[in-house]
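These notes concern the structure reproduced below.
Heavy-atom basis, side chains included; hydrogens, waters and symmetry copies ignored.
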Amino acid sequence: MAKQKLTREEALAFHLDPTPGKWEVQATVPMTTQRDLSLAYSPGVAVPCEEIAANPELAYDYTNKGNLVAVISNGTAVLGLGNLGALGGKPVMEGKAVLFKRFADVNSIDIELDTEDPDEFCKAVKLMGPTFGGINLEDIKAPECFIIEQRLKEEMDIPVFHDDQHGTAVICAAGLINALHLSGKKIEDVRIVLNGAGAAGIACIELLKSMGARHDNCIVCDTKGVIYQGRTEGMNQWKSAHAIATDLRTLEEAMKGADVFLGVSVKGAVTQDMVASMADNPVIFAMANPDPEITPEEAHDVRVDAIVATGRSDYPNQVNNVLGFPYLFRGALDINARAINDEMKIACAQALAELAREDVPDEVALAYGKALTFGRDYIIPTPFDPRLIHRIPPAVARAGMATGAARRPIVDMDAYETSLRSRMDPTAAILRSINARARAAQARMIFAEGDDPRVLRAAVMYQRSGLGKALVVGRDYDVKAKLEEAGLGDAVRELEVVNAANTRHLETYKDFLYERLQRKGMDRQDIHRLAARDRHVFAGLMLAHGHGDGLITGATRKSAHVMQLINHVFDADAANGAAGITALLHKGRIVLIADTLVHEWPDEEDLANIAERAADVARHLGLDPRVAFVSFSTFGYPVSERAEKMHKAPVVLDKRGVNFEYEGEMTVDVALNTRAQEHYPFQRLTGPANILVVPARHSASISVKLMQEMAGATVIGPILAGIDNSIQICSTNSTASDILNMAVLAACKVG
């Protein structure tokens with residue numbers, strides 16, 4: 001992947017527009033009335049003040065302390081730019097605050113201290129301690145960073161973490177765990193060479209030693225060469241702690257026979273001759289930024305067996321601190337930790353290593369433009385892996401509780417993990433309940449398009465998640481090849497591959513289909529082609545005969561075409577009451593849009609049917625249905641012939657006597673805004689609508705795609721409702737996770 005080139009103009013514009021900087025403060029409580037003001041400030045605020053004064057631990061309950069981290073720097077070592085001063089480093093600290101929020105929902109504020117005096121720095125941070133649940137130190141030069149962190153750890157009772165040291169160390173450790181796993185070596189046996197004895201380098205070697213690396217097997221080098229016992233030039237107490245008895249004096253000498261090289265130094269520090277002299281299956285972590293000590297291409301030219309990681313995003317195996325610090329703090333904050341100790345850092349590294357060995361979600365492949373599979377070019381998870389938020393913090397929290405760092409241990413870890421999923425993924429709250437129902441149902445799910453890698457991955461996930469049996473329609477050899485390409489070759493034995501050639505039911509299927517289609521222009525030859533050669537029809541026939549409990553299709557063909565094929569087997573059309581319902585999730589709200597799949601231009605009777613289908617889906621998702629028939633007019637104004645059917649549809653429901661709320665016609669703002677509804681006291685909705693029935697399929701499509709693209713709404717569906725059999729049709733741009741979600745809906749018979 002080519003490195004993206006950014007111009008100075010682009011970078012400056014990004015930080016200037018739409019407002020200067022990268023974050024702002026938003027209130028979490030209403031501030032619209034005098035009562036709100038009285039509760040938020042005087043006199044109401046006095047009550048929690050008194051409670052906290054009597055019991056300081058209550059600050060975690062009544063203030064934002066428990067989810068607030070300070071990013072603090074004096075700007076003496078900003079990125080690779082050197083000493084830019086406190087103000088010069090502010091954009092970096094703002095960026096760090098944004099990363100905390102984006103990746104772990106940790107609120108963060110940047111603080112730049114205009115001093116290079118460690119005593120003044122420590123005094124300022126300590127005095128701010130009551131405000132925060134944790135302190136993230138950033139971009140402070142060595143050796144002052146060691147002094148500052150150690151003093152603050154001793155003097156404060158909240159986590160103090162210098163990310164430049166320990167963040168790099170944790171991610172480095174995670175990658176090394178997997179690199180040694182692939183090379184068949186153990187950490188206690190390998191010889192490790194570190195080049196760069198600054199903050200990050202010292203932290204890396206110390207963490208690896210706490211994980212089992214032997215002191216005598218670790219050779220640390222700096223600009224003066226090997227740090228050996230008896231050396232006096234350029235030494236300090238932190239370097240001296242890692243001096244060993246050795247005759248080696250240069251990095252070149254140290255590299256001979258080494259198993260692992262860790263570089264946090266400068267570009268070009270390692271030559272190809274040095275790499276060539278290393279042991280079999282050498283591990284090279286060239287982490288200097290922006291340019292590594294040696295590039296992966298240069299290393300692989302002389303050692304094809306090398307496993308190489310860098311700090312750059314345009315090479316495989318990026319050692320990226322964003323994989324660590326947000327989740328370390330998330331876990332630490334959630335147990336109200338007193339500190340982030342070595343055990344918590346090791347737990348983080350181990351959890352990251354384990355995650356990299358698992359199958360990678362499609363969302364990650366889409367973000368990086370390529371499939372990722374555990375191996376020499378993928379030993380560290382990527383920052384956009386959606387599983388990080390619910391896998392890493394629990395591991396950190398468990399370690400913190402086990403070592404006595406927790407003020408408030410988590411009692412129900414399963415519930416904690418579930419809350420983390422919901423925190424960052426708006427679909428999680430809904431999917432949690434239907435996943436439980438799907439697991440109980442143990443449905444045999446038919447995946448019609450077994451020639452598509454996304455579908456195969458979804459089928460594997462469905463079965464390995466314990467949801468039921470996956471039946472894949474496809475050719476055995478093709479399924480096997482596709483799974484192997486996706487790094488899932490071991491799943492071949494798990495899936496049941498079904499096709500016309502290996503089923504004994506083909507003649508039964510053909511007779512059934514001929515009975516349905518003989519008066520629709522189909523002869524026996526047509527029927528044979530459909531039943532034996534079309535995977536959508538074949539899969540439908542399996543479902544119709546009870547040879548599966550649900551059907552997933554549509555990932556490779558447009559929905560209209562798939563619907564036409566499915567209707568050869570089932571009555572899944574508008575005339576028979578079918579409808580497509582799409583769920584939009586945005587900022588904690590859930591709204592269903594209908595019909596997004598079946599009806600092109602429904603009349604008032606169709607609209608009433610759609611509303612009933614949508615209400616059924618809403619109940620399956622745990623919602624109390626409130627239906628709004630939406631248009632560009634509200635209760636007759638402005639008058640329009642095209643809005644007439646939206647006015648008539650509620651009348652149809654009046655006659656049917658349905659048991660859910662409905663109203664219309666109305667504009668979208670009235671439907672979704674309680675305050676707007678107050679202008680129409682006669683209207684029957686008791687709150688914002690959660691189902692919007694729209695005039696036509698084109699308006700449904702526009703609404704869904706506009707919300708998805710402009711507002712970033714999460715989309716589930718369309719969910720095919722109103723037919724007896726459980727069939728769900730995916731969109732052609734579905735990821736494997738999307739397809740799996742649709743399979744879960746089918747297993748629960750949502751619709």
Side-chain angles (χ1 to χ4, degrees), residues 76-77 80 82 118 140-150 162 164-173 175-176 179-180 185 187-271 273-275 277-279 282-289 292-294 309-311 319 342 345:
T76 53
I140 304 168
K141 68 183 177 71
E144 286 88 341
C145 62
F146 300 119
I147 299 168
I148 289 170
E149 185 190 40
Q150 186 58 41
H162 185 208
D164 298 319
Q165 294 181 58
H166 309 296
T168 302
V170 167
I171 313 309
C172 174
L176 187 59
L180 295 180
K185 299 177 181 179
I187 193 168
E188 59 267 27
D189 298 329
V190 295
R191 189 152 70 86
I192 301 171
V193 175
L194 166 69
N195 193 49
I202 294 295
C204 284
I205 206 68
E206 286 182 346
L207 187 62
L208 294 181
K209 286 180 179 179
S210 68
M211 293 172 61
R214 290 169 52 203
H215 175 77
D216 291 341
N217 281 349
C218 297
I219 303 173
V220 178
C221 302
D222 61 8
T223 56
K224 307 296 183 183
V226 172
I227 295 173
Y228 57 90
Q229 288 182 1
R231 194 183 110 172
T232 57
E233 186 182 9
M235 296 295 287
N236 57 42
Q237 65 187 79
W238 298 279
K239 292 181 182 181
S240 296
H242 300 285
I244 63 170
T246 179
D247 294 329
L248 302 173
R249 292 294 181 266
T250 66
L251 175 62
E252 183 177 11
E253 293 173 355
M255 289 283 277
K256 292 178 181 177
D259 299 283
V260 177
F261 169 78
L262 305 178
V264 277
S265 52
V266 294
K267 173 184 178 182
V270 173
T271 67
D273 287 342
M274 292 181 189
V275 172
S277 72
M278 294 179 72
V283 176
I284 300 167
F285 280 27
M287 298 177 285
N289 265 321
E293 285 81 359
I294 187 169
T310 72
V319 179
D342 279 353
K345 289 181 280 186

Please answer whether the main-chain N or O of [Y] pairs with a side-chain N or O of [X] as donor and acceptor at a distance below 3.5 Å.
| X | Y | answer |
| --- | --- | --- |
| Lys239 | Gly234 | yes |
| His215 | Ala243 | yes |
| Glu293 | Ala288 | yes |

task: Please say whether more than 12 non-hydrogen atoms of neighbouring residues, nucleotides or ligands are located less than 6.0 Å from NZ in Lys267.
output: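 Open: at most 12 neighbouring heavy atoms sit under 6.0 Å from NZ of Lys267.
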- request: Return yes when atom CZ of Arg214 has more than 12 non-hydrogen atoms of other residues, nucleotides or ligands closer than 6.0 Å, and no otherwise.
  value: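 Open.
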Heavy-atom pair of closest approach, residues [X] and [Y]:
| X | Y | answer |
| --- | --- | --- |
| Lys141 | Thr76 | N-OG1, 2.9 Å |
| Ala279 | Gly257 | CB-O, 3.6 Å |
| Leu248 | Ala254 | CD1-CA, 3.9 Å |
| Ser240 | Met235 | OG-CE, 3.6 Å |
| Leu262 | Cys172 | CD2-SG, 3.7 Å |
| Val264 | Gly201 | CG2-CA, 3.4 Å |

[X] [atom1] to [Y] [atom2] distance, which is reported to the nearest 0.5 Å:
| X | Y | atom1 | atom2 | result |
| --- | --- | --- | --- | --- |
| Asp216 | Arg191 | CG | CZ | 12.0 Å |
| Met211 | Leu176 | CE | CG | 7.0 Å |
| Leu207 | Ile202 | CG | CD1 | 13.0 Å |
| Ile140 | Gln165 | CD1 | CD | 9.0 Å |
| Ile171 | Phe285 | CD1 | CZ | 10.5 Å |
| Arg231 | Thr246 | CZ | OG1 | 12.5 Å |

message: Apply side-chain contact (heavy atoms from CB on, under 4.5 Å) to residues Ile294 and Ile284 and explain how you reach the verdict.
response: CA-CA 9 Å; Ile294 187 169; Ile284 300 167; 4.2 Å; yes
Residues in salt bridge (charged side-chain N to carboxylate O under 4.0 Å, His left out) contact with Glu233, at least two apart in sequence or another chain: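 Here the qualifying residues are Lys224.
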query: Mind checking what makes side chain to side chain contact (heavy atoms under 4.5 Å, CB included) contact with Ala213, not counting sequence neighbours?
result: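 Ala213 satisfies side chain to side chain contact (heavy atoms under 4.5 Å, CB included) with Ile187, Ile192, Leu208, Cys218 only.
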message: Please determine whether side-chain contact (heavy atoms from CB on, under 4.5 Å) holds for the pair Ile219 and Ile244, giving the CA-CA distance in whole Å, both sets of side-chain angles, and the decisive distance to 0.1 Å.
response: CA-CA 7 Å; Ile219 303 173; Ile244 63 170; 3.8 Å; yes
field: Pairwise side-chain hydrogen bond (donor to acceptor under 3.5 Å, both in side chains) hits with a residue in residues 248-261, at least two apart
entry: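 The answer is Lys185-Asp259.
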